[in-house]
Amino acid sequence: MKVHKLFFINAKVITMSLATRLVDFFTKKKTIADDTDALSKVKQQKLGKMTARDRIEAILDENSFHEYDLFVEHKAEDFGMDKKFLPRDGVITGTGDIVGHPICIYAQDFTIAGGSLGLAHARKITKIMDHAIKLGIPLIGINDSGGARIQEGVNSLAGYGEIFYRNTLASGVIPQISVILGPCAGGAVYSPALTDFVFVVDKISKMFITGPEVIKTVLGEEISMEDLGGAKVHAEISGNAHFFAESEIECFEQIKRLVSFIPWNNNKKAEKFEPKPPKPDYQISQIIPKESTTPYDVRDIIRALSDDSDFLEVQAHFAANIVIGFARLNGDTVGIIGNQPMVLAGVLDVDSSDKAARFIRFCDSFSIPLLTLVDLPGYLPGVDQEHAGVIRHGAKILYAYSEATVPKITVVLRKAYGGGYIAMCSKHLGADFVFSLPTAEIAVMGPEGAANIIFKKEISEANDPDAMRRVKVEEYTAKFANPYKAASAGYIDAVVTEDELRDQVLHSLHIATDKKENRPFKKHGIPPF
Amino acid sequence: MSEQFTDFVLDDTVYRTTFTRKFSMRKIFKGFDKSSVKAFIPGIIREVSVNTGDKVNTGDKLLILEAMKMKNLVTSPADGVVKHIHVKTGNKVAKSQLLIEIQPY
């Protein structure tokens, strides 16, 4: 007999006194919520994990959580499901605040039928998603689920589909955040993949389409769950995760920080903070080496420009040859994209184009201006890149920049060569303002490569080819390795010194606040994905 | 900066930089191999249709590899002569195991 049915069978509802009704209510609530949470705590602690309820409360402001659909029950009857009562059907849904920002949130409870997704469970999630879309507030989903509830068959699959559909409807309307705090296999990984930011925690998060068992059976390849789809793999290799944390608490702090940078919905702007100057430890003139082949950390340049030298990096470990993230300039959120000379010389490749393009589209959807910091030798050559589709993946960044109508400010820090120059939000892709430092080089390629091609004959026919090459490299450097060819054509709006740079960027952002751009009507574009 | 920088040559220019783990793990392309036929999936050899010394054309049937209850037809990747057969009917093979070598013309 189902536990919850007891209340109705034993008490005559109609004749119950007010006091009895209240007792009845509190008993029910205790059974479904408090007793479940207490039991869940014991089980989750053994796995080194927090409970669904504790996770929600750790993310939200104190006492701000309001739960809905506590009494929802599944209607499944097959395989003995009619005799199984699953408190809350394995998922907690509700609303609350993060530092005063309203949030819709759900958390799957792994201790109730393995957090498996049945139709009632899914409908609770889709209901809170519908709220989030209608009310225009961000959605946070905490995933800790073994996957589809097999006993519910196609109804479970229907549940997944209805979630994916809403993820897509909500995309670009409200920010969607997924937190992976347990196993997440098969269909369960696609809802996070459709959302804007995926958070993972070391040793706790696992994501894959097919697990190690199936891979072993079908392909004979043996791999551990951690090596296949652990947090580190998704943060560094696959790029599925945007934020990596060592612990759940660290993860929740990251979420709170992210929420402070982004707007509630696509009709709002991100909250303005008190403007602050950057810390004096970061001086652009001391960060960029004069030699264009010597590495430095572009994140230090970002810190030299941003308020309080504060920078929230997104996808820090994946495709580290490009750096993306949020900072504030004069109190307003700005999305920053910068080539990272310290990793792979800052080249664009399959992964870095994909990473940057998705970030640019997020910023454009949510009215966050873009600041691009350029220092790259171009696209990465190689068979593996060509076969992996660097043409179509590389095209994503061209598409995303061209498509974006938010204020676009570009700064050439050192070198901008070839296709990389065009791709990194050049004037030609619709940048509102392009600035360059006096030491920057804007050219088709670096002096060495260019001299070897242009003066091939002179070099090979010379008595001393090496000496001739050096002469020609210098000749090319003097003529083309500077910003003035581009500036003379109007492709660079202003050449500014390192000390003037921040002021120039702040001014551009200030005058571009009300930027409007009219584009031809279309249902939607067809980006190369 | 504590990282050990390495040389990275692009367009005849030597850059000092670091590599990502993924870049270091990438497979170096060795060309399309048209002389060895390998198992693309683990399974059982159900039939070997050629003998050593046979002349085969591209697309000719070489053997049947059964995997996941499916009989997969494995064909010759090149015009040539069957140089060596490494398996017999009934053999269990692992993924990427060498099955047949062809000497292309």
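Convention: sequence-line order gives letters A, B, ...; per-chain numbering from 1.
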*Inspect the surroundings of NZ in B/Lys92 and state if more than 12 heavy atoms from other residues, nucleotides or ligands are less than 6.0 Å away.*
no
*Donor-acceptor contact present, side-chain B/Thr17 to main-chain A/Ala345, <3.5 Å*: yes
*asked:* Assess whether a salt bridge exists between B/Arg21 and A/Glu236, defined as any Lys/Arg side-chain N lying under 4.0 Å from an Asp/Glu carboxylate O.
replied: yes
*Would you say A/Ile237 and B/Met25 make side-chain contact, with heavy atoms under 4.5 Å?*
yes
_A/Lys415 portion near chain B, given a 4.5 angstrom heavy-atom threshold_ = side chain
*asked:* Can you tell whether the side chains of B/Lys27 and A/Asp384 come within less than 4.0 Å, N to carboxylate O?
replied: no
*Write out, in numerical order, the residues from residues 94-105 of chain B with a heavy atom short of 4.5 Å from a heavy atom in chain A.*
B/Lys95
*Go through the atoms of A/Pro341 and report whether side chain, backbone, both or neither lie under 4.5 Å from a heavy atom of chain B.*
backbone
*Against chain B, work out which of A/Asn452, A/Asn321, A/Val383, A/Leu344 has the most heavy-atom pairs shorter than 4.5 Å and name it.*
A/Leu344
*Under a 4.5 Å cut-off applied to non-hydrogen side-chain atoms, are B/Phe23 and A/Asp349 in contact?*
no
_Looking at A/Lys485, I'd like to know if its NZ atom is crowded, meaning that more than 12 non-hydrogen atoms belonging to other residues, nucleotides or ligands lie closer than 6.0 Å._
no
_Heavy atom to heavy atom, less than 4.5 Å: which residues from residues 34-45 of chain B reach chain A?_
B/Ile41, B/Pro42
*Which distance, rounded to the nearest 0.5 Å, do you find between the CE of A/Met342 and the OG1 of B/Thr18?*
6.0 Å
_Interatomic distance, B/Arg26 atom CZ to A/Gln385 atom CD [nearest 0.5 angstrom]_ = 9.0 Å
*asked:* Other residues, nucleotides and ligands only: do more than 12 of their heavy atoms fall within 6.0 Å of CZ on A/Phe529?
replied: no
*If you look at every heavy atom in A/Ser292 and B/Tyr15, which pair is closest and at what distance?*
O-CE2, 3.8 Å
_chain B contact via A/His387 - which portion, at a heavy-atom distance below 4.5 Å_ = side chain
*Apply the test side-chain contact (heavy atoms from CB on, under 4.5 Å) to residues A/Asp351 and B/Lys22: give CA-CA distance (whole Å), side-chain angles for both, the deciding distance (0.1 Å), then the verdict.*
CA-CA 10 Å; A/Asp351 287 342; B/Lys22 195 167 174 180; 2.8 Å; yes
*So do A/Val343 and B/Thr20 actually touch side chain to side chain, heavy atoms under 4.5 Å?*
yes
*Would you call A/Pro381 and B/Leu10 a side-chain contact if the rule is heavy atoms closer than 4.5 Å?*
yes
*Counting N and O atoms only, with roles assigned by atom type, does the side chain of B/Thr13 sit under 3.5 Å from a partner on the main chain of A/Gly446, one being a donor and the other an acceptor?*
no
_Over 12 non-hydrogen atoms of neighbours within 6.0 angstrom of CD1 in A/Ile209_ = yes
